[in-house]
Protein chains: 2
Amino acid sequence: MRLSSLADYAVVLMSAAARHCGATARLNASVLAAETGVPLPTAQKLVSRLSAAGLLQSARGTGGGFRLARPAAAISLADIVEAVEGPIALTTCVDHERDDCALDHHCSVKPHWGVVNQAVRSALANVSLVQLSTAPAASAQRLKVLA
Amino acid sequence: MRLSSLADYAVVLMSAAARHCGATARLNASVLAAETGVPLPTAQKLVSRLSAAGLLQSARGTGGGFRLARPAAAISLADIVEAVEGPIALTTCVDHERDDCALDHHCSVKPHWGVVNQAVRSALANVSLVQLSTAPAASAQRLKVLA
DNA sequence: GCCAATCGGAACAGATCGGTCCGATTAGCA
DNA sequence: TGCTAATCGGACCGATCTGTTCCGATTGGC
């Protein structure tokens, strides 16, 4: 129940990229690393993975760099996490529907995981990059929770 | 964003224990392992951890075993997950408030993690053991989500 | 046509997770 | 009352995965 460090870093990097998105100039990995404090090699790996997932547009060669592929409002926490960690699935039986679960015949709790998984994913999908640059209260309101 | 296998197994074990809770007799680790399909040594490790967390009451010696420490309705998914994996914290900066985060001065996304983390935790806290033994629709209703 | 800067992927150490085993403790029984 | 047997509890070890680092491939500018 813990996000990987890479996913955490990716969110920070994307947030920094979103802040600089006003400038149409591209950002390279070095700038993002220096600004966020993420180690440069790690930042390189992350931006590569983020561009492979379609969240960033990359341009090679001198003067190249990265740019948000979509408006910040159209990029959610869930997108970033899935780009780095793969599909959000609390248990293995959620994504692969195949019954590779070593447990007995019909696991009684299996049907419930889909619901819980969806709830968790929604919690992340409802936070966009723009919210990460605004006051926390805004997202708090949207995420008012299932009490 | 994936639950550890141990946490997954723990949920299955607790669910099985809840089903047998009608019988006041105690359950030992062997019975639970045989019924759920979880490897016995792993089941032993898990029930130990669950009793240490106060979710199970253990009795040693011949004829000993385990029993739910609380009514099934008072035990949630979050309780089980936290018993096995420790506190639910998507990022390290959520539980330890100390700023051991290696990133720069003030991380702009940090204030938001608390909100998201709370939402995720609530998604798990709102599913009790009794719901895991009933139809999935019941929990689906309660978890109707933040669309 | 050459150079320099950048992205992309491949290889290595480290840590955590998962599995296994053996010792400590206690109730039942002779 | 002492022994036996069954069970819990904690310690050890291997394996997988994460996180980091490095070097080669590609591309635009001069």
Side-chain angles (χ1 to χ4, degrees), chain A residues 1-13 17 25-34 36-67 69 81 83-86 89-92 100-103, chain B residues 1-13 17 25-34 36-67 69 81 83-87 89-92 101-103:
Chain A
M1 213 54 219
R2 176 154 303 181
L3 231 51
S4 69
S5 297
L6 286 181
D8 189 0
Y9 289 167
V11 173
V12 175
L13 288 173
R26 287 187 168 84
L27 299 160
N28 57 21
S30 303
V31 171
L32 283 175
T36 58
V38 176
L40 177 57
T42 300
Q44 286 181 346
K45 187 187 190 68
L46 282 173
V47 291
S48 295
R49 214 178 283 189
L50 289 168
S51 65
L55 297 183
L56 291 177
Q57 278 185 339
S58 66
R60 306 179 70 156
T62 309
F66 296 96
R67 200 172 47 180
V81 171
V84 175
E85 294 191 349
L90 269 60
T91 63
T92 54
D100 59 353
C101 183
L103 300 185
Chain B
M1 212 55 218
R2 175 154 304 182
L3 233 49
S4 68
S5 298
L6 287 180
D8 191 0
Y9 289 165
V11 173
V12 176
L13 289 173
R26 287 189 168 80
L27 299 161
N28 58 21
S30 302
V31 171
L32 282 176
T36 58
V38 176
L40 176 56
T42 300
Q44 287 181 345
K45 188 187 190 69
L46 281 173
V47 291
S48 296
R49 215 178 283 191
L50 289 168
S51 66
L55 297 182
L56 292 177
Q57 277 186 339
S58 67
R60 306 179 67 156
T62 309
F66 296 95
R67 200 172 48 179
V81 170
V84 175
E85 295 192 347
L90 270 61
T91 62
T92 54
C101 184
L103 301 185

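Letters A, B, ... are given to chains in the order of the sequence lines, protein chains preceding strands, and every chain is numbered from 1.
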**Item:** Distance-minimising heavy-atom pair for B/Gly64 and B/Asn28
**Value:** O-CB, 4.4 Å

**Item:** 5'-most by nearest nucleotide on DNA chain C - A/Gly64 or A/Pro41
**Value:** A/Gly64

**Request:** Mind listing the closest non-hydrogen atom pair of B/Leu50 and B/Ala83 along with its distance?
**Result:** CD2-CB, 3.9 Å

**Axis bend over the full length of the helix from C/dG1-D/dC30 to C/dA30-D/dT1, computed from five pairs that close each end, to 10 degrees** = 0°

**Message:** What is the distance, to the nearest angstrom, from the CZ atom on B/Phe66 to the P atom on C/dT25?
**Reply:** 16 Å

**Request:** Measure across A/Val84 and A/Arg49 and return the closest heavy-atom pair with its distance rounded to 0.1 Å.
**Result:** O-NH1, 3.0 Å

**Item:** Candidate list A/Leu32, A/Leu27, A/Leu56, test side chain to side chain contact (heavy atoms under 4.5 Å, CB included), partner A/Leu13, passing option
**Value:** A/Leu32

**Message:** Measuring to OP1 and OP2 of C/dT6, would you say a side-chain N or O of A/Ser30 lies under 4.0 angstrom away?
**Reply:** no

**Complete:** Note: for B/Ala29 and A/Thr42 on DNA chain D, the residue whose nearest nucleotide lies more 5' is B/Ala29

**Request:** Please state whether the base of D/dT21 and the side chain of A/Lys45 form at least one donor-acceptor pair under 3.5 Å?
**Result:** no

**Between C/dG8 (P) and A/Leu46 (CG): distance, integer Å** = 13 Å

**Polar side-chain atom of B/Gln44 near backbone of B/Ala29 as donor-acceptor pair, under 3.5 Å** = no

**Prompt:** Of the nucleotides C/dT20, D/dT27, D/dC8, which has the atom closest to the B/Pro39 side chain?
**Reply:** C/dT20

**Request:** Name the nucleic acid region contacted by B/Ala59, choosing base, sugar-phosphate or nothing; use a 4.0 angstrom heavy-atom cut-off, strictly under.
**Result:** sugar-phosphate

**Asked** To the nearest angstrom, how far is B/Gln44 atom CD from D/dA11 atom P?
**Response** 16 Å

**Asked** On DNA chain C, nearest-nucleotide positions of A/Thr62 versus A/Gly65: which is more 5'?
**Response** A/Thr62

**Message:** Taking only side-chain N and O atoms of B/Ser4, does any of them lie within less than 4.0 angstrom of OP1 or OP2 on C/dG18?
**Reply:** yes

**Request:** Could you check how far CG of B/Leu56 sits from C1' of D/dG9, rounded to whole Å?
**Result:** 14 Å

**Atom-pair distance (CG on A/Leu40; C1' on D/dG19), nearest Å** = 15 Å

**Asked** To the nearest Å, how far apart are A/Arg49 CZ and C/dA10 P?
**Response** 13 Å

**Prompt:** Which nucleotide, D/dG9, D/dG19, C/dG19, lies nearest any side-chain atom of B/Leu6?
**Reply:** C/dG19

**Asked** Can you name the nearest heavy-atom pair linking B/Ser58 to B/Phe66, along with the distance?
**Response** CB-CE2, 3.5 Å

**Asked** Separation of A/Leu27 atom CG from C/dA5 atom P, in whole Å?
**Response** 18 Å

**Message:** Please classify the nucleic acid contact of B/Ser5 as base, sugar-phosphate, or nothing, using heavy-atom distances under 4.0 Å.
**Reply:** sugar-phosphate

**Asked** In whole angstrom, what separates B/Leu13's CG from D/dC8's C1'?
**Response** 15 Å

**Message:** Quick check for you: among C/dT20, C/dT26, C/dC7, whose closest atom lies nearest to any side-chain atom of A/Arg60?
**Reply:** C/dC7

**Message:** Main chain of B/Ala69, side chain of B/Gln57: is a donor-acceptor contact present, judged purely on distance under 3.5 Å?
**Reply:** no

**Prompt:** If every non-hydrogen atom of B/Arg2 is compared with every non-hydrogen atom of A/Leu90, which pair is closest and at what distance?
**Reply:** CG-O, 3.6 Å

